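So you know, we letter chains A, B, ... as the sequences are listed, proteins then strands, and number each from 1. Source: prediction; values computed, not measured.
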Number of protein chains: 2
Amino acid sequence: MKRDSRLSSVLHALLHMAERGEPMTSETLAVCMCTNPVVVRRTMGLLRDAGLVASARGPSGGWQIVADLNSVTLRDLYDALGEPTVFAIGNRHEAPQCLVEQAVNAALDDAFADAEALLLDRLGKITLARLSADFNRRYAAHRTRA
Amino acid sequence: MKRDSRLSSVLHALLHMAERGEPMTSETLAVCMCTNPVVVRRTMGLLRDAGLVASARGPSGGWQIVADLNSVTLRDLYDALGEPTVFAIGNRHEAPQCLVEQAVNAALDDAFADAEALLLDRLGKITLARLSADFNRRYAAHRTRA
DNA sequence: TAATTCGTAATATTAAAAGTTACATGAAAC
DNA sequence: GTTTCATGTAACTTTTAATATTACGAATTA
């Protein structure tokens with residue numbers, strides 16, 4: 001099953017944008033995200049709607065982070081992307097007539113709901129600032145080795 | 001994103017099989033699972049490989065539960081189905097060169113691993129016997145109302 | 001006004017899952 | 001032992017959701 005990698009993708013883009021101070025074009029971001037400028041615009045557009053980044057047209061335009069890295073969590077990004085489906089496993093029908101299916105769904109729904117709550121809670125505790133610091137730590141270690 | 005409903009599906013089938021004592025054909029199961037006999041054979045075949053059900057060919061053949069309902073958990077079914085991907089959200093690359101991506105993946109992987117562990121732990125605590133009891137409770141309540 | 005860049009609609013491609021067809025294999029009943 | 005029923009499985013088709021692409025309009029800068 002193909003997984004939605006937009007969260008990972010926008011994170012990647014945001015950290016690159018944080019390193020740079022100036023705007024990055026959709027084209028530039030597309031290269032570093034291994035995708036297409038239009039896809040970048042569509043995805044970053046969702047973050048803009050959530051007030052996390054800003055876009056500007058014309059020469060010297062592009063995308064920039066406007067939110068405080070300390071206050072933006074991965075949960076915020078998840079929400080901005082439209083709260084995509086978390087699980088690749090799910091029930092067959094939403095409103096089953098069959099009593100067997102009702103029993104099955106009730107049991108599964110509980111377990112999945114708890115796991116989802118745990119995951120989103122975790123995402124809510126990771127800030128962009130922390131990831132940026134993590135990156136810089138790795139970068140320093142990398143330069144030491146080289 | 002389309003979700004894998006095989007777990008929900010085989011559960012449904014197993015509970016129906018538990019209610020009946022005798023073998024059920026792929027065709028019968030296909031109807032109650034809203035699918036196709038060949039898909040049923042493919043899926044139930046995985047459960048057979050795990051020793052949970054048995055199949056018999058020829059007249060009066062079909063599928064039957066052979067495991068003890070008290071000892072089979074939803075986790076066992078999950079395993080039998082080949083431990084399908086739990087999350088619909090994931091990283092872009094598995095082995096990224098980019099240090100930014102490494103930082104991103106490390107953070108995400110942790111959160112997802114913990115949520116997955118919680119889910120599988122929960123599934124490991126739900127037995128088929130309990131689901132069957134749950135179904136019978138619902139059935140009794142339904143008959144009372146009717 | 002020319003160059004650049006986003007915004008977005010329309011379309012195409014891709015990849016994974018599910019469904020289907022077809023037929024071989026094996027078991028039971030008569 | 002022949003007929004019937006049912007699984008086993010390979011090959012192929014369909015479906016569907018995501019992603020990618022093309023194309024062009026709108027806005028901005030210089």
A:D49 CG to C:dT8 C1', straight-line distance once rounded to whole Å: 13 Å
A:R48 CZ to C:dT8 P, straight-line distance once rounded to whole Å: 7 Å
B:T25 side chain to B:T28 side chain, donor-acceptor N/O pair below 3.5 angstrom: yes
Interatomic distance, B:I89 CD1 vs D:dT19 P [rounded to whole Å]: 11 Å
Between C1' of C:dA18 and CG of B:L7, the distance in whole Å: 17 Å
Sugar-phosphate only, base, or nothing, as touched by A:G62 at under 4.0 Å among non-hydrogen atoms: sugar-phosphate
Minimum-distance nucleotide to A:T25 side chain [options: D:dT7, C:dT20, C:dC6]: C:dC6
5'-most by nearest nucleotide on DNA chain D - A:S5 or B:R42: B:R42
First encountered from the 5' end of DNA chain C, between B:C34 and A:P59: A:P59
Separation of C:dA16 C1' from B:R3 CZ (nearest whole Å): 17 Å
B:N70 side, atom CG; B:R130 side, atom CZ - distance, nearest 0.5 Å: 12.0 Å
Rounded distance (Å) that lies between atom P of D:dT7 and atom CD of B:Q64: 12 Å
Under 4.0 angstrom between A:S26 side-chain N/O and C:dC6 OP1 or OP2: yes
Polar pair under 3.5 Å, donor/acceptor by atom type, side chain A:R57, base D:dT28: no
Candidates C:dA18, D:dC5, C:dT5 - which lies nearest the side chain of B:R6: C:dA18
For the student: nearest non-hydrogen atoms of A:R41 and A:W63, plus distance: CA-CZ2, 3.9 Å
Toward the 5' end of DNA chain D, by each residue's nearest nucleotide, A:D4 or A:S60: A:D4
Nearest listed nucleotide, side chain of B:R41, among D:dT9, D:dA6, C:dG7: D:dT9
Interatomic distance where CE belongs to B:M44 and P belongs to D:dA6 [whole Å]: 16 Å
Options C:dG19, C:dA27, C:dT21, nucleotide nearest the side-chain atoms of B:V39: C:dG19
Rounded interatomic separation in angstrom, taking CH2 from B:W63 and C1' from D:dG8: 9 Å
Side chains of A:S55 and A:R48, donor plus acceptor under 3.5 Å: yes
Main-chain N/O of B:T73 paired to B:D76 side chain as donor or acceptor, under 3.5 Å: yes
